[in-house]
Amino acid sequence: MKKSKDILKEADRIVNGRSQEKHRQYGDFSESMKCAARIASEMRGKKIDVHDMFCCMIALKFSRQSFSFKEDNLLDAV
């Protein structure tokens, strides 16, 4: 397992160093999360905001981590 400092550096590299690459593949992440919140709100018939979306994504990563350790789960959560 990598040290937490290494995971934080890797997360920074992915988010800040590869942002253009990810933007080309998936579009702007912030806009994608806003869109996902709108879709989830329509699906559930109640307001789900962007903060809720981030919390759900992190919760999913932690849930997966509790089942089977994968460094990628922690990296994604960060």
Side-chain angles (χ1 to χ4, degrees):
M1 179 169 139
K2 283 187 181 181
K3 295 177 187 172
S4 60
K5 183 188 267 188
D6 293 337
I7 289 175
L8 295 175
K9 285 181 181 179
E10 179 68 8
D12 178 63
R13 186 187 70 75
I14 290 168
V15 171
N16 296 312
R18 295 175 52 202
S19 61
Q20 290 180 350
E21 174 186 329
K22 290 293 183 186
H23 181 52
R24 283 193 300 272
Q25 289 179 351
Y26 303 112
D28 180 72
F29 188 71
S30 295
E31 290 302 315
S32 180
M33 289 298 280
K34 289 177 188 175
C35 181
R38 285 191 303 272
I39 292 168
S41 293
E42 288 294 321
M43 291 173 65
R44 296 292 297 140
K46 61 183 175 181
K47 177 71 174 151
I48 297 173
D49 63 22
V50 175
H51 182 262
D52 295 331
M53 293 300 299
F54 277 103
C55 289
C56 288
M57 288 184 68
I58 293 168
L60 175 62
K61 294 300 179 174
F62 288 159
S63 174
R64 288 178 177 175
Q65 187 69 1
S66 71
F67 176 73
S68 175
F69 175 82
K70 290 189 179 182
E71 187 177 299
D72 188 60
N73 290 325
L74 298 176
L75 183 59
D76 287 349
V78 170

Peer 1: What pairs with A11 under side-chain contact (heavy atoms from CB on, under 4.5 Å), at least two apart in sequence or on another chain?
Peer 2: L75, V78
Peer 1: Side-chain heavy atoms under 4.5 Å apart, restricted to Ile/Leu/Val/Met/Phe/Trp/Tyr: what other residues fall into the cluster of F67, or is it alone?
Peer 2: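 Joined to F67, directly or through intermediates: none.
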Peer 1: Among residues at least two apart in sequence or on other chains, which ones pass side chain to side chain donor-acceptor pair (under 3.5 Å) with D49?
Peer 2: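 Per chain and number, D49 pairs via side chain to side chain donor-acceptor pair (under 3.5 Å) with no residue.
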Peer 1: Say you draw a straight line from OG of S63 to CD of Q65; how long is it, rounded to the nearest 0.5 Å?
Peer 2: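 With rounding to 0.5 Å, OG (S63) is 10.5 Å from CD (Q65).
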Peer 1: Atom SG in C56, atom NE2 in H51: separation rounded to 0.5 Å?
Peer 2: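 Here the interatomic distance stands at 10.5 Å.
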Peer 1: Restricting to side chain to side chain donor-acceptor pair (under 3.5 Å), what partner residues turn up for K70, sequence neighbours left out?
Peer 2: none
Peer 1: Below 3.5 Å, can you tabulate the donor-acceptor pairs from side chains in residues 35-45 to any protein atom, sequence neighbours excluded?
Peer 2:
{"unit_1": "S41", "atom_1": "OG", "unit_2": "A37", "atom_2": "O", "d": "2.8"}
{"unit_1": "S41", "atom_1": "OG", "unit_2": "K46", "atom_2": "O", "d": "3.4"}
{"unit_1": "S41", "atom_1": "OG", "unit_2": "I48", "atom_2": "N", "d": "2.8"}
{"unit_1": "S41", "atom_1": "OG", "unit_2": "I48", "atom_2": "O", "d": "3.2"}

Peer 1: Going by salt bridge (Lys or Arg N to Asp or Glu O under 4.0 Å), name the residues that satisfy it together with D52, two or more places apart in sequence or in a different chain.
Peer 2: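 Applying salt bridge (Lys or Arg N to Asp or Glu O under 4.0 Å) to D52 gives none.
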Peer 1: Taking the hydrophobic residues Ile, Leu, Val, Met, Phe, Trp and Tyr, and joining any pair whose side-chain heavy atoms are under 4.5 Å apart, which ones share a cluster with L60?
Peer 2: none
Peer 1: Distance check, rounded to the nearest 0.5 Å: I7 atom CD1 versus D12 atom CG?
Peer 2: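 That separation rounds to 14.0 Å.
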Peer 1: Can you tell me how far apart CD1 (I58) and CE (M53) are? Round to the nearest 0.5 Å.
Peer 2: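 Separation between the atoms: 11.5 Å.
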Peer 1: Going by the rule ring pair (Phe, Tyr, Trp, His ring centres under 6.0 Å), which residues pair with F54 if we only count those two or more places apart in sequence or in a different chain?
Peer 2: F29
Peer 1: Consider side-chain contact (heavy atoms from CB on, under 4.5 Å). Of N73, D72, L74, which one does D76 pass it with?
Peer 2: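 By the side-chain contact (heavy atoms from CB on, under 4.5 Å) criterion, D76 pairs with just one of N73, D72, L74: D72.
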